[in-house]
Undergrad: 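Structure provided below as structure tokens; questions to follow.
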2 protein chains.
Amino acid sequence: MQRLDNTFTALSDATRRAIVARLADGEQPLSKLAEPFSMSQTAVTKHVRVLSDAGLVIVEKRGRTRHCKLDAAPMKEAMDWLKYYEAFWADKFASLAKHLEKKKKQ
Amino acid sequence: MQRLDNTFTALSDATRRAIVARLADGEQPLSKLAEPFSMSQTAVTKHVRVLSDAGLVIVEKRGRTRHCKLDAAPMKEAMDWLKYYEAFWADKFASLAKHLEKKKKQ
DNA sequence: ATAATAGTCAACCAAATAGTTGAGTAATTA
DNA sequence: TAATTACTCAACTATTTGGTTGACTATTAT
């Protein structure tokens, strides 16, 4: 529950989603990561903190730099949660019936 | 962008996810919807507001009651965003390589 | 007509978020 | 050794969030 909270919260901010996108291209030291954003490095550090609290980013101290890398694992849970509702957008009209039938089987 | 912000924000709260889950079983008037939660109806109304701002819930005035129903459509975008990173949790070791190859093709 | 129900609205509060700045530390480079 | 780089930390600010209560409106039921 708390885990999903943290994951969705982390992804609810465009800056943080941009950080995730950049880390998908490979790990980055904090300073490099902060460069393209028009905000202080401290602010970026805080965003990274939210991401690492959610387990989406792993920060590793290496000399004087902090290397950030993506760990997408928590996204799987978020996706599984969403997947549960897939029928509702896939076939809007039949969705409720499908859902109830599925529930009945459980 | 803003749309994704709203969707992820709406889903970042356990109470709101519970509301979504209940509405999956069928539409509900606000009062019924609020019953199981240990908070005021006003508080629930506010959560519903966040959900409807995100387009996840449609509120329809009918007499003195407000009927809430699920619209899962915005979840699709959220899921598509997550799907982009699927390779990263599906095969942790090959993930970066796969991603970069995919990017190269675009 | 009266009472009960369903909901809104405004005001308030505490805590969290998203940012800033300035000072300090630790590691690297010159 | 001195300067620069990478970053942390504390303090402050403004805004948002998640909740409360009390008073009000509108609809329905008796």
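The chains referred to below are lettered A, B, ... by the order of the sequence lines, with proteins before strands, and numbering in each begins at 1.
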Undergrad: Would you indicate whether the side-chain heavy atoms of B:Ser31 and B:Gln41 approach each other to under 4.5 Å?
TA: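 A side-chain contact exists here, since the closest heavy-atom pair is under 4.5 Å.
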
Undergrad: Starting at atom CZ of A:Arg49, determine the distance to atom P of D:dC9, rounded to an integer number of angstrom.
TA: 9 Å

Undergrad: Distance check: side-chain N/O of A:Thr45 vs OP1/OP2 of D:dC7, anything under 4.0 Å?
TA: no

Undergrad: Nearest-Å distance, CD1 (A:Ile19) to P (C:dA18)?
TA: 11 Å

Undergrad: Can you check salt bridge (Lys or Arg N to Asp or Glu O under 4.0 Å) on A:Glu27 and A:Arg62, steps first, answer last?
TA: CA-CA 12 Å; A:Glu27 87 176 36; A:Arg62 210 179 298 163; 2.8 Å; yes

Undergrad: Detail all sub-3.5 Å separations between protein N/O atoms and N/O atoms belonging to nucleotides 15-18 of chain D.
TA:
| unit_1 | atom_1 | unit_2 | atom_2 | d |
| --- | --- | --- | --- | --- |
| D:dG18 | OP1 | B:Arg16 | NH2 | 3.4 |
| D:dG18 | OP2 | B:Arg16 | NH1 | 3.0 |

Undergrad: Quick check: on DNA chain C, is the nucleotide nearest A:Ala43 upstream (toward 5') of the one nearest B:Gln41, or the reverse? Name the residue that is more 5'.
TA: B:Gln41

Undergrad: Does A:Arg17 pair with A:Asp13 as a salt bridge, N-O distance under 4.0 Å?
TA: no

Undergrad: Would you mind classifying the nucleic acid contact of B:Ser40 as base, sugar-phosphate or nothing, using non-hydrogen atoms under 4.0 angstrom?
TA: base

Undergrad: For each nucleotide in nucleotides 24-30 of chain D, reading 5' to 3', give B when a protein heavy atom comes within less than 4.0 Å of its base, S when such contact involves only the sugar-phosphate, and - otherwise.
TA: ---BS--

Undergrad: Which part of the nucleic acid, if any, lies within contact of B:Thr42, taking any heavy atom under 4.0 Å across all strands shown: a base, the sugar-phosphate backbone alone, or nothing?
TA: base

Undergrad: If you take all heavy atoms of B:Cys68 and B:Val59, which pair is closest and at what distance?
TA: SG-CG2, 4.3 Å

Undergrad: Between the side chain of B:Ser12 and the main-chain N/O of B:Thr9, is any donor-acceptor distance below 3.5 Å?
TA: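 Present.
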
Undergrad: Could you check whether any side-chain N or O of B:Arg16 sits under 3.5 Å from a backbone N or O of B:His47, counting only pairs where one atom can act as donor and the other as acceptor?
TA: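 The answer is no, because no donor-acceptor pair under 3.5 Å joins these two groups.
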
Undergrad: Answer yes or no: is there a donor N or O on one side and an acceptor on the other, between the side chain of B:Arg22 and the main chain of B:Leu33, under 3.5 Å?
TA: yes

Undergrad: By the 4.0 Å heavy-atom rule, please label A:Thr65 as base, sugar-phosphate, or nothing.
TA: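 Counting heavy atoms under 4.0 Å across all strands, the contact made by A:Thr65 is with sugar-phosphate only.
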
Undergrad: How many whole angstroms separate atom CG of A:Leu33 from atom P of D:dT5?
TA: 19 Å

Undergrad: Ignoring the backbone of A:Leu30, work out which of C:dG7, D:dT21, D:dT8 is nearest its side chain.
TA: D:dT8

Undergrad: Return yes if some donor-acceptor pair links the side-chain N/O of A:Ser52 with the main-chain N/O of A:Gly55 below 3.5 Å, else return no.
TA: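 Looks like no, no N/O pair under 3.5 Å.
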
Undergrad: How close do A:Leu11 and B:Phe8 get, heavy atom to heavy atom, and via which atoms?
TA: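 Where A:Leu11 meets B:Phe8 most closely, the heavy atoms are O-CD1, 3.2 Å.
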
